[in-house]
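Read through the structure below, which is laid out as structure tokens, and then see the notes.
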Amino acid sequence: MKLSHLLSIRHSLASRISMWVVLYVVVTLFISAYVGNYFVLKIVREIEENGILYTIGVQRVSLVLTVLFSMTLVVLTYFLRRIIHRLIAPLTTFTQAVDEVAHGNLQAKLPEMHSKDEIQRLHHSFSTMQRSLARQMEELKQVNEAKGRMEGELKVAREIQLSMLPKTYSSAADSRLDIYGSLTPAREVGGDLYDFFVRDGKLFFCIGDVSGKGVPSALVMATTLSQFRIVASHMDDVKNIVTYINRITCEGNETYMFVTFFVGMLDLSTGKLHYCDAGHNKPFIVSDSITELPAKTCLPLGVSDDTTYLIHEYDMPDSAMLFLYTDGLTEAMNGQHELFGRQRLTDNLKADVSCDTQIEQMTQAVHEFVGEASQSDDLTMLAIRYIKP
Amino acid sequence: MNTEIYKLGEELDSFNYQEVQDGILAILEKGCSAVLDMTACNYVSSTGLRVLLYTKKMAASKGLKLYLVGVSAEVKDIMDVTGFDGFFDTFDTVEECLQQIQ
């Protein structure tokens with residue numbers, strides 16, 4: 001719409017007022033000329049006929065002129081008020097419509113404008129804003145709907161992920177073992193993983209952490225977990241297991257996600273543990289004392305397909321508990337940006353509690369420490385107690 | 001060999017990893033090896049490590065290199081714990097790095 005031709009209220013007001021003032025002055029002059037003339041003549045005759053004093057006569061003339069002037073002033077004021085009201089009236093109706101829009105009715109119709117000045121400009125700007133606002137509200141509604149769908153899908157994905165993890169292996173089924181695992185993702189789905197199973201008198205277990213968080217890490221977590229299950233189901237040698245899984249992870253790894261991984265095999269008749277640390281936190285052994293399992297840390301899975309992995313051996317003491325965790329435990333942060341840390345972790349490790357109790361107590365300690373702050377990383381723990389037969 | 005320096009800030013994590021990755025890749029695109037000045041950096045998350053891994057592999061695929069300079073004790077610790085000890089080419093100062101690679 002062409003706005004350049006619109007006049008200005010100031011100009012139209014000024015021109016209308018000046019027009020009326022000029023008209024007023026002219027009319028007043030004429031009226032006062034004729035009427036005043038009539039009265040002056042009348043008074044002069046009275047002075048001549050009745051000998052009324054000159055000064056009284058002049059007073060009467062002045063009185064007449066003053067009355068005349070005041071009456072015309074009243075008329076002028078009336079007309080001026082009418083002019084201003086006529087200019088402002090469209091603004092009043094406009095304000096009412098704007099109020100309606102402000103109270104949420106974006107579809108409210110603005111009144112038709114006939115003035116050709118700033119008010120027209122205001123009307124134009126406002127209706128543009130109204131249309132733009134309606135469009136944005138519609139877009140927002142669609143975004144919120146998509147977000148709701150996404151959240152629903154993530155909830156299902158979380159259930160799937162958590163059901164992939166084994167929970168416990170009670171000592172009732174096998175008196176040589178007490179195992180408990182727990183994983184709490186920071187978001188709906190996460191990148192931490194753990195697994196354990198017994199085959200041919202040997203316990204195979206692992207714990208790991210995919211770089212990053214959320215859906216991408218969850219996808220890599222799922223494939224790594226299933227690879228471990230498949231590979232450890234028919235390979236006994238820990239070195240072969242980890243080397244093979246590493247090669248699979250490197251294949252088609254276009255986004256270069258890597259997985260810190262700890263894998264172990266415990267011979268249940270001898271208590272001998274074979275293990276490999278591929279970039280992961282070293283587990284703790286809890287018995288008479290609390291010590292870290294000695295290991296040379298190798299590269300995580302997915303970094304290089306020709307990584308040579310080092311395997312270590314350890315004789316598990318009777319009734320000792322192996323405590324594995326991911327850095328979501330040591331790096332749990334509270335409101336003051338302090339980390340839970342290794343010291344608090346070892347302080348909370350007890351030698352004489354069952355595996356599920358140990359993990360529940362540790363989880364409790366972390367929650368108390370973190371307080372109101374939100375969980376920043378997946379919290380994962382696996383506790384294994386070996387009882388020599 | 002042509003090199004260009006990219007300076008890191010205090011942290012390399014999931015908030016700024018994309019711009020750092022883009023910055024280093026831009027250097028590699030020009031055919032220059034990248035020298036990463038990490039003297040100001042005191043924290044690298046796993047996402048940050050992934051960026052270093054990715055850009056190193058990208059460099060290798062183009063016949064170029066990625067060098068890390070001024071790695072602090074904290075960051076070195078993070079890398080060692082994750083098994084990246086000795087994986088990256090590191091130097092103490094930019095001068096030493098440029099000298100060595102000529």
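Residue numbers start from 1 in every chain, and the chains themselves are labelled A, B, ... in the order their sequence lines are given, proteins ahead of strands.
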As an exercise, state the distance from OG of B/S46 to CG of A/D377, rounded to the nearest 0.5 Å. 7.5 Å
Over 12 foreign heavy atoms within 6.0 Å of NZ, A/K155: no
Tell me if a side-chain donor or acceptor on B/T82 pairs with a main-chain N or O of A/G279 at a distance below 3.5 Å. no
Yes or no on side chain to side chain contact (heavy atoms under 4.5 Å, CB included) for B/M58 and A/Y256, after CA distance, side-chain angles and deciding distance? CA-CA 10 Å; B/M58 276 291 117; A/Y256 299 104; 4.2 Å; yes
With a 4.5 angstrom heavy-atom cut-off, could you sort out which part of B/Y54 is near chain A: side chain, backbone, both or neither? both
Might you confirm whether atom NZ of B/K65 has over 12 heavy atoms from other residues, nucleotides or ligands at distances under 6.0 Å? no
What part of B/D13 is in contact with chain A, defined as an atom under 4.5 angstrom from a non-hydrogen atom: side chain, backbone, both or neither? neither
For A/T255 and B/R50: C-alpha separation, side-chain torsions, deciding distance, then whether side chain to side chain contact (heavy atoms under 4.5 Å, CB included) applies. CA-CA 9 Å; A/T255 52; B/R50 215 179 111 222; 4.0 Å; yes
Centroid-centroid distance, A/F258 to B/F84, less than 6.0 Å: yes
Does atom CZ of B/F88 have more than 12 heavy-atom neighbours from other groups under 6.0 Å away? yes
Using the rule given for side chain to side chain contact (heavy atoms under 4.5 Å, CB included), can you reason through A/T297 versus B/D85, listing the C-alpha separation, both sets of side-chain angles and the distance that settles it, and then say yes or no? CA-CA 8 Å; A/T297 308; B/D85 178 27; over 6 Å; no
Tell me, out of A/S304, A/S217, A/G302, A/P300, who's got the most heavy-atom pairs with chain B below 4.5 Å. A/P300
